[in-house]
**Q** 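Next up is a structure, given as structure tokens.
Start at 1 and go down the list; that is how both ligands and their atoms are numbered.
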Amino acid sequence: MRDSYPLMSKMKIITVVGARPQFIKAAPVSAELRKSHEEIMIHTGQHYDDEMSDVFFRTMGIPEPDYNLGVGSGSHAWQTAKMMHGIEEILVDEQPDRVIVYGDTNSTLAGALAAVKEHFPVAHVEAGLRSFNMKMPEEVNRRLTDHVSQQLFCPTQTAVTNLKNEGITEGVHMVGDVMHDAALMFGDVESDILEQLNLEPDNFYLLTVHRPSNTDSEQNLRSIFNALDGHETVFPAHPRTSKLMAQYGLKTPESIKIIKPVSYIEMLELIKNARKILTDSGGMQKEAYFFGTPCITLRKETEWVETIQDGWNVLAGADCEKIRDAIENFEPSGERGTSYGDGEASRKIVEILSQS
Ligand code: UD1
């Protein structure tokens, strides 16, 4: 990566993060940004547990947030409104040249709306993703954010096309995926998670489930767990999932080992060494692809269509038979391509920001 950029002038940039995947996405961009610009980081506090938030800052060298709004959990409207209120105050006070938001969480939308209403230009990293399922809160967040952003940094060509189909062509930049940058940055950092969990490489499945479409349905969770009965599986459970399982009184089969959420570096180690991954996370579908681990996606659609087109990912929803079939029979059928860029997305983003 370069040491600095040809600058129009040094900018004051506010970054808004709040949920686990945003810490991962911001890590490589922030490192790059701080070479030439002043970055002020707002943490909304959407995620607040040590293992959902602090551990990422500690282990990935992300600078301490300058502000933490401590918003916490709540309904969508309550959480988003509370974030907007806090972000607005800071923006008015700090008068940034640009506000950067990441991905598709409530923190993304809150940052974008608060900024655009005060006439601060918004840069959206991971713009243009679509699942075409408006029942997903993330789909609402990303669509609205894209439509109020001045700079749209797309991870894939598919994302550029999605934006074009909605009439957005100005300020659109295909830069590649910052999650690929992060995977390259941290992929070789050592972790002893396999020893800790007594796991042998290529001899276990890795499960994560946190989407409301799965967690809010006892039947879907039961179906996913049943499909893994008899297959040694490690399951870092998101707090949302743990809470709902406790509410349902739902137990997993003995072959599934439930553990607390793990750090990014530990997760990469698990992903690299799992036989297959079963997940409803967006990020993990790509991380599986980056490291060449077959992925079974526990959803009916995906934004990351390239992983499917290249034959490394398969959609199984929460259908027990389909999941079982994929566990036993799904084998990747093609080469992994370069759809997610060359690991230079962060550098390109900062270069474009610096020239604007
Ligand atoms: C959020 C994002 C989702 C992203 C995910 C990554 C939205 C709408 N969704 O979902 O896109 O994939 O983060 O993890 O923004 N909780 C805790 N401790 C925490 C955080 C959450 O116990 O540190 C529990 C609370 O019970 C909370 C629930 O998890 O109600 C859900 O948290 P929330 O931030 O609302 O959404 P996520 O499911 O984490």
**Q** Mark yes when over 12 heavy atoms from residues, nucleotides or ligands other than Lys12 sit less than 6.0 Å from its NZ; otherwise mark no.
**A** yes
**Q** Can you tell me which residue and heavy atom of the protein come closest to atom 16 (N) of ligand 1, and the distance to 0.1 Å?
**A** Tyr48 OH, 3.5 Å
**Q** In terms of relative ring orientation, are Phe235 and Phe225 parallel, tilted or perpendicular, with 30° and 60° separating the classes?
**A** tilted
**Q** Within the 4.0 Å heavy-atom shell around Lys243, which atoms of ligand 1 are there?
**A** 17 (C), 22 (O), 24 (C), 25 (C), 26 (O)
**Q** Does Gln22 use its side chain to pair, donor to acceptor, with the backbone of Ala19 at less than 3.5 Å?
**A** yes
**Q** For ligand 1, which part of Pro21 has a heavy atom less than 4.0 Å away: the side chain, the backbone, both, or neither?
**A** side chain
**Q** Are any of the heavy atoms in Glu51 under 4.0 Å away from ligand 1?
**A** no
**Q** Return the orientation label for the Phe23 and Phe56 ring planes: parallel under 30°, perpendicular over 60°, tilted otherwise.
**A** tilted
**Q** For the aromatic rings, using the six-membered ring if either is Trp, is the centroid distance between Tyr67 and His43 under 6.0 Å?
**A** no
**Q** Please check if the number of heavy atoms outside Glu170 that lie under 6.0 Å from its CD is greater than 12.
**A** no
**Q** Could you pull out the closest heavy-atom pair between Arg299 and Asp280, with the gap in Å?
**A** CD-O, 3.5 Å
**Q** From the options Arg211, Arg20, Met136, Gln46, select the one whose nearest heavy atom is closest to atom 33 (P) of ligand 1.
**A** Gln46
**Q** Give the numbers and elements of all ligand 1 atoms closer than 4.0 Å to a heavy atom of His238.
**A** 14 (O), 29 (O), 37 (P), 38 (O), 39 (O)
**Q** Should His47 be counted as touching ligand 1, given the test is an N or O pair under 3.5 Å?
**A** yes
**Q** Given the side-chain rings of His173 and Phe153, with only the six-membered ring counted for Trp, is the space between their centroids under 6.0 Å?
**A** yes
**Q** For His76, counting its heavy atoms only, list the atoms of ligand 1 lying under 4.0 Å from any of them.
**A** 8 (C)
**Q** For Glu328, does the CD atom sit with more than 12 other heavy atoms under 6.0 Å from it, leaving out its own atoms?
**A** yes
**Q** Tell me the protein heavy atom at minimum distance from atom 12 (O) of ligand 1, and give that distance in Å.
**A** His210 NE2, 2.9 Å
**Q** Please could you name the atoms of ligand 1 that Gln79 approaches to less than 4.0 Å, counting only its heavy atoms?
**A** 34 (O), 35 (O)
**Q** Out of Ile24, Thr80, Asp49, Thr208, whose heavy atom is nearest to atom 18 (N) of ligand 1?
**A** Asp49
**Q** Counting only heavy atoms, which portion of Glu138 has something under 4.0 Å from ligand 1: side chain, backbone, both, or neither?
**A** side chain
**Q** For ligand 1, does Arg240 get within less than 4.0 Å through its side chain, its backbone, both, or neither, judged by non-hydrogen atoms?
**A** both
**Q** Once the angle between the rings of Tyr264 and Phe186 is folded into 0 to 90°, is it parallel (under 30°), tilted (30 to 60°) or perpendicular (over 60°)?
**A** perpendicular
**Q** Below 3.5 Å, N or O to N or O, backbone or side chain included: is there any such pair between Ser107 and ligand 1?
**A** no
**Q** Starting from atom 27 (C) of ligand 1, what is the nearest protein heavy atom, named by residue and atom, and what distance separates them?
**A** Ser73 OG, 3.2 Å
**Q** Backbone or side chain, does any N or O of Asn141 fall under 3.5 Å from an N or O of ligand 1?
**A** no
**Q** In terms of atom number and element, which parts of ligand 1 are under 4.0 angstrom from non-hydrogen atoms of Asn106?
**A** 7 (C), 8 (C), 15 (O)
**Q** Which ligand 1 atoms, with their elements, are less than 4.0 angstrom from a heavy-atom of Pro239?
**A** 16 (N), 17 (C), 18 (N), 22 (O), 24 (C)
**Q** Answer yes if Met11 and Tyr102 sit in the same cluster of Ile, Leu, Val, Met, Phe, Trp and Tyr residues linked by side chain heavy atoms under 4.5 Å apart, and no otherwise.
**A** yes
